[in-house]
Amino acid sequence: MKAAVLNQIGDTELELRDDVTTTDVGPAEIRIRVRATGVCHSDISAMDGTLPALAPGILGHEGAGEVVEIGGAVDQFAVGDHAVLTFVPPCGTCVNCVGGRPHLCAIHSIAAFMNPRFVVGGNPAFGYAGTGTFAEELVVPAAGAVQIGADIPFEIAALVACGVMTGVGAVLNTAKVTPGSTVLVLGCGGVGISVIQGARLSGAAQIVAVDPVVDKHEIARHFGATHAVTPEQVAGLHQSLTGSQGWDYAFDVVGAPPTIRSAWDNARRGGTVVVVGAGRADAMVRFSAQELFLHDKRLLGSFYGGADVRRDYPMLLRLWQAGKLDLDGMITKRIKLDEINDALRALRDGANVIRQIVTY
Ligand SMILES: NC(=O)c1ccc[n+]([C@@H]2O[C@H](COP(=O)([O-])OP(=O)(O)OC[C@H]3O[C@@H](n4cnc5c(N)ncnc54)[C@H](O)[C@@H]3O)[C@@H](O)[C@H]2O)c1
Ligand SMILES: [Zn+2]
Ligand SMILES: [Zn+2]
């Protein structure tokens, strides 16, 4: 089959090949024919070494498709089912799963680092984050997919698998934004726009979107931002909009020390700071020992939007069906796998794209 292969960490291009295969479907696994996948910044972060990944490998982790084969012990899927993938398949029995925090389950994620599920030119190759949706087919544990209705377009379903779950989930599950509150969102990519939509759904009274790419400001307003500015303009709004008190909630959706620091500085005393952006392991953010207690702020990390995928994927798709969550509008461009390197370049260069979707 066709797939885009990352040969080594540090490569800026993926190699398009048509001789890629998967491993056989194990008893507790399923084979999915990928029908749509988004391109997320975390794919670029795998290529440049910001986030852990193994090479050779197949990137892509925001996908949806059709079940085409099931293992002997799988009873929750049938061939022909439509499904959304997840890069954190919950094992169901570990302390995190039992404790109601299945997005922190590491059982399948660790296994994915040890068990390559692709074969490229006769050699084993890893699926990024246990997935690998830049391939026409992939094999995942049955827990790595959630069944959806056949009436939901695959491109809409794909968005939910990472960006929308992460962004809306950071608002609803992690921060628990309350009606009437004020929200600052740093970064207006696919995940940041999802944070803006989550804040709008939560009834936030003021949503200030920040992005250096001015063309994204109008898009941010379309999705619910009440104000949209460049990073340089934040200080002015801090004064004029919040009376120099700061915002109730501040989200970093970039993952760089300056934006994390800005989220902290711009949250009000007693406010909530949420780090959604995924930064490098060696990038440090400085806080004084005094400010951490004195301002009584909540500094929260948000991994995968605190997702309980079996609860939250259907919830997000119901919101879309009800016209309350705009997913169609997040698709800037539909492309074929052959154009994947252009799409990665556009995202890396900060072009005016929210989500580019590969359809198969
Ligand atoms: N927490 C998680 O589990 C999780 C899941 C998915 C993605 N992520 C991370 O979320 C981040 C966003 O992902 P994305 O796909 O939306 O990326 P993206 O590239 O589409 O968007 C990032 C946006 O940040 C903007 N930006 C750059 N510098 C800025 C600054 N100084 N101030 C404000 N905005 C700035 C860019 O112009 C761009 O619009 C990435 O770090 C990604 O790896 C985290
Ligand atoms: Zn992602
Ligand atoms: Zn678990």
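We count ligands from 1, going down the list as the structure has it; atoms in each ligand are counted the same way.
- Side-chain contact between E62 and D43: absent, with no pair of heavy atoms (C-beta onward) separated by less than 4.5 Å.
- When heavy-atom distances to ligand 1 are checked against a 4.0 Å cut-off, D211 comes that close through both its backbone and its side chain.
- Aromatic pair F113/F126: centroids not less than 6.0 angstrom apart.
- Comparing L347, V88, V253 by heavy-atom distance to atom 11 (C) of ligand 1, the nearest is V253.
- Among P212, A263, S262, A346, the residue whose heavy atom sits closest to atom 26 (N) of ligand 1 is P212.
- Nearest-residue assignment for atom 2 (C) of ligand 1 (options T166, T259, V210, V254; heavy-atom criterion): T166.
- Contacts with ligand 1 closer than 4.0 Å are made by backbone heavy atoms (N, CA, C, O) of S302 only, the side chain lying farther away.
- Ligand 1 has a nitrogen or oxygen under 3.5 angstrom from a nitrogen or oxygen of V191.
- The Zn ion (ligand 2) lies at 2.8 Å or more from every N, O or S atom belonging to H41.
- Between the Zn ion (ligand 3) and H108 there is no N/O/S contact shorter than 2.8 Å.
- Taking the six-membered ring for Trp and the full ring otherwise, H61 and F87 have centroids separated by under 6.0 Å.
- Taking 4.0 Å as the cut-off, S42 counts as a neighbour of ligand 1 on heavy-atom distance.
- The pair E137-R31 meets the salt-bridge criterion, since a charged nitrogen lies less than 4.0 angstrom from a carboxylate oxygen.
- Within H61, NE2 is the N, O or S atom that lies nearest to the Zn ion (ligand 2).
- Ligand 1 is approached by C188 to a heavy-atom distance shorter than 4.0 Å.
- The side chain of R355, and not its backbone, has at least one atom closer than 4.0 Å to an atom of ligand 1 (non-hydrogen atoms only; side chain from C-beta on).
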